[in-house]
Amino acid sequence: TRIIETKEISRVYQMGSETINALVSVSISINKGEYVAFMGPSGSGKSTLMNIIGCLDTPSSGTYILNNNDVSDLTENELAEIRNKEIGFVFQTFNLLPRASSLENVALPLVYAGLSKYDREERALAALDNVGLADRASHKPNELSGGQRQRVAIARALVNDPSIILADEPTGNLDSKTSYSIMDLFQELHDKGNTIIMVTHEDDIAHYAHRIVRLRDGLIEKDEMNESVSNTR
Ligand code: ADP
Ligand code: ADP
């Protein structure tokens, strides 16, 4: 079943007298459970498309359908709820609160869920356990390695059990050995049925995905299945 569909979406930025066409009539459909990599040169529109898919930005024209809802019909409150519950964001720079422990960082998205502190901590600990970091619950980010920090960020992205995971250069700040361990984790999430979309410019990272979409100058240049992955679905 289709979870994401953009119909001829464009995104225009006005910089003084200059008009930037960040996305030009992009139509793409993504089914539940797909694992997609967005590739393309810097400035090709990857982050703009991810931000629109993640309801952090809206298209200048065209339609975006998420889970059978036209996003332009949703209120700001409904959008905030979707961002919090339906979508897990993972960033290159981890975006963890430096003074908070792993457990507190992971529990943060649950503050809006109306759970008791005890329930929040229990769920955060379970999410940390899922990424193999239950024994680092009380550590602060600067007491963790880069790979561990990214795993904390992934646990935070997953704590509300979102259906979609959006990762913008999730391995951009990691050495290759650590990057592969993060990709193993994404593979497990994919095997569990999560929909994963990641931006990367590294071929060996993109090849973990089942589908590779290449953008150039705000257009989809290529959209193809990755034949090197055995697709058992
Ligand atoms: P990518 O993620 O592929 O590097 P982006 O989606 O970030 O590309 O950017 C696409 C184009 O839109 C680029 O030309 C970029 O400079 C421009 N752009 C992105 N965000 C903004 C913004 N907030 N204001 C103005 N221009 C922007
Ligand atoms: P990973 O392979 O997950 O990136 P590393 O090999 O970098 O992990 O780290 C090995 C061990 O060293 C880990 O148990 C981690 O907790 C510890 N460690 C790494 N960096 C720090 C740090 N800045 N302060 C305290 N402990 C650290």
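We count ligands from 1, going down the list as the structure has it; atoms in each ligand are counted the same way. These values consider heavy atoms only, across backbone and side chains, with no hydrogens, waters or symmetry-generated copies.
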Task: Validation row: E221, L215 side chains within 4.5 angstrom (heavy atoms) - done: no
With rounding to the nearest 0.5 Å, note down the distance linking [atom1] in [X] to [atom2] in [Y].
X    : Y    : atom1 : atom2 : result
I65  : R2   : CD1   : CZ    : 9.5 Å
L103 : L133 : CG    : CG    : 11.5 Å
T93  : R149 : OG1   : CZ    : 11.5 Å

Closest approach of any protein heavy atom to [atom], naming residue and atom:
atom                    : answer
atom 12 (O) of ligand 1 : A22 CB, 3.3 Å
atom 16 (O) of ligand 1 : I20 CD1, 4.8 Å
atom 10 (C) of ligand 1 : G43 O, 3.4 Å
atom 23 (N) of ligand 1 : Y13 CE2, 3.7 Å
atom 5 (P) of ligand 1  : T48 OG1, 3.7 Å
atom 7 (O) of ligand 1  : S47 CB, 3.7 Å

Open item on the list: Quick check: is V36 connected to L66 through a chain of hydrophobic side chains (ILVMFWY, heavy atoms under 4.5 Å apart)?
Closed with: yes
Open item on the list: Testing the 3.5 Å rule here: is there a donor-acceptor pair between the side chains of S27 and E8?
Closed with: no
List ligand 1 atoms under 4.0 Å from [X], heavy atoms only on the residue side.
X   : result
P41 : 3 (O)
S44 : 1 (P), 3 (O), 8 (O)
S42 : 4 (O)

Task: side chain to side chain contact (heavy atoms under 4.5 Å, CB included) partner of R11, chosen from L49, I20, T48 - done: T48
Task: Y35 and H190 aromatic ring geometry - parallel, tilted or perpendicular at 30°/60° bounds - done: tilted
Open item on the list: I'd like to know whether ligand 1 has G218 as a neighbour, heavy-atom separation below 4.0 Å.
Closed with: no
Open item on the list: Quick check: G45 and ligand 1, any N/O pair under 3.5 Å apart?
Closed with: yes
Open item on the list: Please report whether atom 2 (O) of ligand 1 has a protein non-hydrogen atom at a separation of less than 4.0 Å.
Closed with: yes
